[in-house]
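Note that these values count all heavy atoms, side chains included, but never hydrogens, waters or copies made by symmetry. Position 1 is the first residue of the sequence, and the numbers go up from there.
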Amino acid sequence: MGNISYIKNDLKLSFKNIFNQGLEQSYTQREGWFDDGTKEMRKVTLLETVQKRMFNSVFDGEYLLNNDKQSKLSWNLSYSNVNVDQPDLRRTIYSKKEGSDPNSPYAASVGTIPSPSGAGRFYSSLNENIYGGAVNWSISTKFLGQEQTFKTGILKQNKKRTVDARVLAYRDLSESTTDQQNLLAMPLDKIFAPENISNKTLILEDITNPDNYYEGTGDLNAAFAMLSGKVTEKLKASLGVRYENYKEKLLTGALNSSEENNVNNTYNDFLPSLNLTYELNSKTNLRFSFSNTLARAQFRELASFSFYDFVTGITKKGNPDVKRTRISNFDLRYEFYPSLGKLISVSAFYKDLKDPIESNIISGSSPASKLMSFTNAPKAYILGGEIEIRHDFGFIDPDVEFFKNLVFSTNAAIMKSEVNFEGSQSTMENKRSLYGQSPFLLNLGLQYSSDRLLTRICSLIVSVVE
């Protein structure tokens, strides 16, 4: 991390940089019954190493153009790089059929046709560069006889991601059934020994497909305008609109010339927003907000890139026909501030989603070979309520400084979601909960702060995904 700032008169400049690097190594072993029509006991192992690097650099500035009207000009330039390297992921399955002799050994799932899920190795690299810049201007003015702040700005962001993978799998070339049985019964630390890798026993085949590579770009051009301030002595309002022009392109290899896996989409969206705050009294506010937002498909959801997920046992593949999601957000919130730093609030929210992106099982998949992709459902909604509390422990003994400096915070939300596939050609049931949507969320925190010390003692986030 390296930061530097410069301040002189009405000019502020800063240059901020951060670099982070991490290495993760994991070994997973699972054992249990697997039923794809033929029940068998399986022992499955995964050995994985992932190296991640992230660099972010931001140069920003602010200049006060007019002190009387509080006219300010601000700007920023940014660059980010993300690199994820997976040098050697290894998957192996050992199994034996139901009803087999209890003393019989498990057999490695190495067949005459190479399969990366049964016994394979996977190499991949991801590199993403993001360039951005923005200019914003704000000025104080009068409207409806009240002081207002007008803000406007433009933004440019361009990102490019390249993903390249190599898929290898073992194939059995045993000349006899006896040789095959003896080979596949070898334990994991012996079966792939160099002496077994030859033209007469095991070979490691490169089964990389053209669609194991993709290159994606996203180009965002945006502008916004916003007016905020008092409407009356008790009512504050913020009204704004944002325009976004987004171009996404993705190039993916195809297994045959009849497939069209490339993406070239352009979206133009106007996104209005409204925030109203009414002061019921000096300690209580009532807030209402409305906004339109977007949820864009990630490159991996667009690319026809197949990857076997060890955790779920499902092969996942992107869909180049997936569109972005438009969301209308409504929020009503009641706030009570007993004293400085304390808060009790209750809110209700509703989100209406058009073309939500959902996971679905591709037609023709079998229990033994499930293939999952992504699709747009026609519509969905999320309805929920939330409560937030932030309070110190001064009520125990207001004369003890420790209790006054110890602050408890909690945030709890309960949600109901429903996605509707009626009228679509999806294989999913017509109505169900949104994929990955938790029915509740709970956050707990405990913090102690004083003039000399700030300590977060504990923090807990709890959610359940159905």
Original post:
Are the ring centres of Y448 and F402 closer than 6.0 Å?
Top reply: yes
Original post:
Is a side-chain donor-acceptor pair under 3.5 Å present for N265 with Y246?
Top reply: no
Original post:
Who passes side chain to side chain contact (heavy atoms under 4.5 Å, CB included) against T28, sequence neighbours left out?
Top reply: R30, L46, F310
Original post:
Considering all heavy atoms of both residues, which atom of G218 and which atom of F299 are nearest to each other, and what is their separation?
Top reply: N-CZ, 3.9 Å
Subject >> Salt bridge R161-E215, side-chain N to carboxylate O under 4.0 Å >> reply: no
Original post:
Quick one: do K249 and D219 make a salt bridge, cutoff under 4.0 Å?
Top reply: no
Subject >> Pairwise side-chain contact, L220 with L155, heavy-atom cut-off 4.5 Å (strictly under) >> reply: yes
Original post:
Any chance the side chains of N360 and T375 put a donor and an acceptor closer than 3.5 Å?
Top reply: no
Subject >> K342 NZ: over 12 foreign heavy atoms closer than 6.0 Å >> reply: yes
Original post:
In Å, rounded to the nearest 0.5 Å, how long is the span from CG of L73 to CH2 of W75?
Top reply: 6.0 Å
Original post:
By side chain to side chain contact (heavy atoms under 4.5 Å, CB included), which residues pair with R300, not counting sequence neighbours?
Top reply: Y214, Q298, F374
Original post:
Please walk me through it: do K142 and Q148 pass side-chain contact (heavy atoms from CB on, under 4.5 Å)?
Top reply: CA-CA 5 Å; K142 277 202 170 186; Q148 311 288 334; over 6 Å; no
Subject >> Interatomic spacing from NZ in K72 to CG in N66 - rounded to 0.5 Å >> reply: 12.0 Å
Original post:
Could you give the distance from CG (N420) to CZ (R432), rounded to the nearest 0.5 Å?
Top reply: 11.0 Å
Original post:
Is R296 salt-bridged to E301, going by a charged N under 4.0 Å from an acidic O?
Top reply: no
**OP:** Check the side chains of S373 and N319 for a donor-acceptor pair under 3.5 angstrom, ignoring hydrogens and angles.
**Re:** no
Original post:
Given the rule in the side-chain hydrogen bond (donor to acceptor under 3.5 Å, both in side chains) test, do Y267 and K247 qualify, once you have shown the distances and angles that lead to the verdict?
Top reply: CA-CA 6 Å; Y267 299 105; K247 299 177 182 179; over 6 Å; no
Original post:
Without hydrogens or angle criteria, can the side chains of N285 and T277 be said to hold a donor-acceptor pair below 3.5 Å?
Top reply: no
**OP:** Measure the CG-OG distance between D60 and S78 for me, rounded to the nearest 0.5 Å.
**Re:** 10.0 Å
Original post:
What is the minimum heavy-atom distance between S57 and N17, and which atoms define it?
Top reply: OG-OD1, 2.6 Å
Original post:
Parallel, tilted or perpendicular for F122 and F305, by the 30°/60° rule?
Top reply: perpendicular
Original post:
Name the one of R326, K354, R242 that satisfies salt bridge (charged side-chain N to carboxylate O under 4.0 Å, His left out) with D269?
Top reply: R326
Original post:
Within the distance-only criterion (no hydrogens, no angle test), does the side chain of N281 pair as donor or acceptor with the backbone N or O of T284 below 3.5 angstrom?
Top reply: yes
**OP:** For side-chain hydrogen bond (donor to acceptor under 3.5 Å, both in side chains), just list the numbers for Y27 and Q29, CA-CA rounded to whole Å, side-chain angles, deciding distance to a tenth of an Å, and then say yes or no.
**Re:** CA-CA 7 Å; Y27 175 79; Q29 180 174 324; 3.1 Å; yes
**OP:** For the pair D355 and R324, find out whether any cationic side-chain nitrogen is under 4.0 Å from an anionic carboxylate oxygen.
**Re:** no
Subject >> Criterion side-chain contact (heavy atoms from CB on, under 4.5 Å) on F150 and W137, from CA distance to verdict >> reply: CA-CA 8 Å; F150 175 75; W137 175 63; 4.2 Å; yes
Original post:
Is a donor on one side and an acceptor on the other found under 3.5 Å between the side chain of K416 and the backbone of L383?
Top reply: no
Subject >> Short side-chain donor-acceptor distance under 3.5 Å, E48 and Q25 >> reply: no
**OP:** For the residue pair Y79 and Y131, categorise the inter-ring angle as parallel (less than 30°), tilted (30 to 60°) or perpendicular (more than 60°).
**Re:** tilted
Subject >> Nearest heavy-atom neighbours spanning Q437 and S417 >> reply: CG-OG, 3.4 Å
Original post:
Any side-chain donor paired with an acceptor under 3.5 Å for Y350 and N329?
Top reply: no
**OP:** Would you tell me whether N376 and K323 have side-chain atoms, one donor and one acceptor, within less than 3.5 Å of each other?
**Re:** no
Original post:
Taking side chain as C-beta onward, heavy atoms only, is V400 less than 4.5 Å from F393?
Top reply: no
Subject >> Rounded distance (nearest 0.5 Å) linking atom CG of L227 with atom OG of S238 >> reply: 8.0 Å
Subject >> With sequence neighbours excluded, residues passing salt bridge (Lys or Arg N to Asp or Glu O under 4.0 Å) with K230 >> reply: E233
Original post:
Quick check: does any side chain N or O of T410 sit under 3.5 Å from a backbone N or O of N443, one acting as donor and the other as acceptor?
Top reply: yes
Original post:
Looking at T252 and N262, what are the two nearest heavy atoms and their distance?
Top reply: N-OD1, 3.1 Å
Original post:
In Å, rounded to the nearest 0.5 Å, how long is the span from CD1 of I130 to CD of E128?
Top reply: 4.0 Å
Subject >> Distance-only polar pair, side chains of S345 and R333, donor-acceptor under 3.5 Å >> reply: yes
Original post:
F330 and F349: side-chain contact (heavy atoms from CB on, under 4.5 Å), yes or no, with the steps?
Top reply: CA-CA 6 Å; F330 301 86; F349 58 87; over 6 Å; no
**OP:** For the pair R287 and D331, find out whether any cationic side-chain nitrogen is under 4.0 Å from an anionic carboxylate oxygen.
**Re:** no
